[in-house]
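Working notes, beginning with the structure itself.
Below, all heavy atoms of this structure are taken into account, side chains as well, without hydrogens, waters or symmetry copies. Fair warning: this is a prediction, and the values are worked out from it, not measured in the lab.
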Amino acid sequence: MSSPAANIATAISTPTLDSESPALLQSITSHGGYAFTRMATLAAAGDQRAAEAACEMAWEQLHSGPWHSVLPVWRDAYSMACLHVAKFHFSNGEFRDALRSLDMGIIMGGPLLRKDLDSAIEVVLAAKSRHYHNGVADDDKEGHGEAGSRLLVSPQEFDKSEVLQILPIRSLSSKIVGKRSALSLEAFLCEYFLSGSPVIITDCMAHWPARTRWNDMDYLRRIAGDRTVPVEVGKNYLCSEWKQELVTFSEFLERVQSTGCSSKAPTYLAQHQLFDQINDLRKDISIPDYCCAGGGELRSLNAWFGPAGTVTPLHHDPHHNILAQVVGKKYVRLYSATYSEELYPYSETMLYNSSQVDLDNIDEVEFPKLRDLEFIDCILEEGEMLYIPPKWWHYVRSLTTSFSVSYWWSTDSGSSMVS
């Protein structure tokens with residue numbers, strides 16, 4: 001029987017790393033990374049401690065200043081180190097540790113070695129599945145799980161009067177976003193896209209496996225439980241106590257289950273490219289045809305997953321947006337793009353698309369223009385999609401545990417269609 005070290009070269013194939021390593025190490029050295037280059041070279045030769053040291057060195061560089069100031073070469077260096085570390089864990093049969101290293105390489109690393117990271121994850125998942133075959137049931141073939149599976153969101157009566165007590169003032173008292181059933185692409189283009197008007201589209205997600213699978217806690221844990229994901233902790237990104245953490249998906253699910261509406265620090269998986277990271281979840285959804293409107297090109301596919309009470313403050317985005325509500329319910333308030341001045345955007349460059357107004361606690365003395373400003377709103381139900389035109393201001397609050405997907409796309413004319 002061969003030793004673990006003897007299997008390192010064949011355990012995980014890294015063709016891009018093998019071909020790009022000399023040039024990458026030379027570039028790292030030219031930016032002062034002599035110690036990293038030495039450790040990475042030793043790691044490639046079979047030294048696990050050197051691999052871990054290289055990973056720590058690159059991690060320090062990633063946190064040496066603001067993220068935008070980090071040299072791209074250090075992100076690729078981090079991916080390289082994560083691949084080396086993962087190889088050792090995998091050869092030792094430490095599948096969860098290998099997955100964590102590879103996920104960290106995806107989340108924090110650069111694009112150069114992404115194919116190697118993705119293919120390595122497939123290898124580790126396949127080996128893990130074989131190793132724990134007796135614990136992996138076939139009950140997810142239809143996406144419904146077993147009769148005793150735990151639901152993420154249980155069917156329940158929805159008391160509108162109770163909901164109004166936690167929503168911003170004047171909620172659901174003005175214009176409600178219109179709904180269209182099985183809206184054709186042509187009708188969407190002519191009636192909403194070209195005019196820049198929001199609309200809720202119903203009856204177009206029933207065929208998605210996600211509609212049943214993502215409400216099954218056991219399915220989510222089985223598919224993604226050992227994967228590492230970035231989460232936000234705190235009321236929202238504008239609050240001083242807000243922070244980011246890296247946790248396993250299983251740990252995140254436990255937090256979602258244990259967080260009540262009154263929690264001051266809910267954990268939210270927000271605006272993360274989860275489906276680019278975890279392919280099995282990507283297979284559960286489809287890209288709506290509406291994202292082709294205007295000769296569109298998909299820019300971003302993001303997950304929004306968290307407990308009741310999570311809030312995305314009032315802001316606007318530069319792209320066309322389809323918000324697909326897969327599990328749970330959300331309240332959404334929208335203000336026209338023409339009201340930007342009245343919504344008091346921040347002057348800071350990083351927050352120019354966010355409003356200073358806290359809709360949950362409006363200071364009408366400081367922000368008097370908002371008092372009688374017209375808006376439209378809605379409760380977005382499971383299985384519904386909301387079209388949000390570019391630069392329309394929107395505030396979103398989860399009314400239950402919620403799992404949503406946002407599709408951003410742009411057209412050749414950019415977002416200038418709606419000023």
Side-chain angles (χ1 to χ4, degrees), residues 1-25 27-28 33 36-59 62 73-133 135-136 222-230 246 248-250 273-283:
M1 181 176 177
S2 59
S3 65
N7 291 328
I8 291 174
T10 57
I12 292 177
S13 176
T14 54
T16 306
L17 175 61
D18 298 341
S19 62
E20 299 291 338
S21 185
L24 178 55
L25 289 175
S27 180
I28 293 169
F36 176 91
T37 298
R38 175 171 171 73
M39 290 299 104
T41 301
L42 291 173
D47 189 331
Q48 182 171 351
R49 289 186 177 180
E52 293 168 349
C55 205
E56 291 177 3
M57 290 176 185
W59 180 262
L62 296 183
V73 69
W74 279 111
R75 294 187 62 196
D76 289 327
Y78 185 69
S79 293
M80 168 188 273
C82 286
L83 278 166
H84 284 312
V85 171
K87 286 184 177 185
F88 287 104
H89 285 311
F90 183 71
S91 65
N92 294 330
E94 300 161 351
F95 303 131
R96 288 186 174 89
D97 290 332
L99 283 174
R100 176 173 175 77
S101 294
L102 295 169
D103 277 327
M104 291 298 292
I106 288 175
I107 296 168
M108 302 295 291
L112 179 65
L113 304 176
R114 180 57 190 266
K115 287 185 178 179
D116 283 356
L117 291 164
D118 286 337
S119 62
I121 282 176
E122 293 300 319
V123 170
V124 175
L125 288 174
K128 178 175 174 287
S129 179
R130 289 193 300 270
H131 187 75
Y132 298 108
H133 179 70
V136 179
R222 183 166 61 248
I223 291 298
D226 292 331
R227 306 299 298 275
T228 297
V229 293
L246 290 161
T248 65
F249 202 78
S250 284
Q273 295 184 348
L274 182 69
F275 314 108
D276 192 33
Q277 180 186 355
I278 303 177
N279 191 48
D280 283 332
L281 291 176
R282 174 65 181 83
K283 294 175 182 176

Distance only, no hydrogens: is a donor on one side chain within 3.5 Å (strictly under) of an acceptor on the other, for Lys87 and Ser101? no

Drop me the distance from [X]'s [atom1] to [Y]'s [atom2], to the nearest 0.5 angstrom.
X: Leu117; Y: Gln277; atom1: CG; atom2: CD; answer: 10.5 Å
X: Leu24; Y: Thr16; atom1: CG; atom2: OG1; answer: 11.5 Å
X: Ile28; Y: Met57; atom1: CD1; atom2: CE; answer: 11.5 Å
X: Met104; Y: Cys55; atom1: CE; atom2: SG; answer: 7.5 Å
X: Ser250; Y: Arg222; atom1: OG; atom2: CZ; answer: 11.5 Å
X: Leu83; Y: Phe88; atom1: CG; atom2: CZ; answer: 12.0 Å

Where do [X] and [Y] come nearest, in terms of heavy atoms and distance?
X: Pro111; Y: Asp76; answer: N-OD1, 3.5 Å
X: Ser79; Y: Gly105; answer: OG-O, 3.4 Å
X: His84; Y: Ala40; answer: NE2-O, 3.9 Å
X: Ala224; Y: Leu281; answer: CB-CD1, 4.4 Å
X: Phe36; Y: Met80; answer: CE2-SD, 4.0 Å
X: Ala54; Y: Ala81; answer: C-CB, 3.9 Å

Taking [X] for its side chain and [Y] for its backbone only, find out whether a donor-acceptor pair lies under 3.5 Å.
X: Arg75; Y: Gly109; result: yes
X: Thr37; Y: Gly33; result: yes
X: Asp47; Y: Arg49; result: yes
X: Asp226; Y: Arg96; result: no

Pairs touching residues 90-119 that satisfy ring pair (Phe, Tyr, Trp, His ring centres under 6.0 Å), sequence neighbours left out: Phe90-Phe95, Phe95-His131

Quick one: does Leu102's side chain get under 4.5 Å of His89's, heavy atoms only? no

Side chains of Leu246 and Asp103 in contact at under 4.5 Å (non-hydrogen atoms): no

Exactly one candidate in Asn279, Asp276, Ile106 meets side-chain contact (heavy atoms from CB on, under 4.5 Å) with Asp118; the answer is Ile106

Have a look at Leu99 and tell me which of Thr248, Thr228, Ile121 forms a side-chain contact (heavy atoms from CB on, under 4.5 Å) with it. Ile121

Give the intermediate values and the outcome of salt bridge (Lys or Arg N to Asp or Glu O under 4.0 Å) for residues Asp97 and Arg100. CA-CA 5 Å; Asp97 290 332; Arg100 176 173 175 77; over 6 Å; no

Partner residues of Pro15 under the side-chain contact (heavy atoms from CB on, under 4.5 Å) criterion, sequence neighbours left out: Ser13, Asp116

Measure up the Tyr78 and Trp59 rings against each other and bin them: parallel (under 30°), tilted (30 to 60°), perpendicular (over 60°). tilted

So for atom CZ, which belongs to Arg38, do other residues, nucleotides or ligands contribute more than 12 heavy atoms lying within a distance under 6.0 Å? no

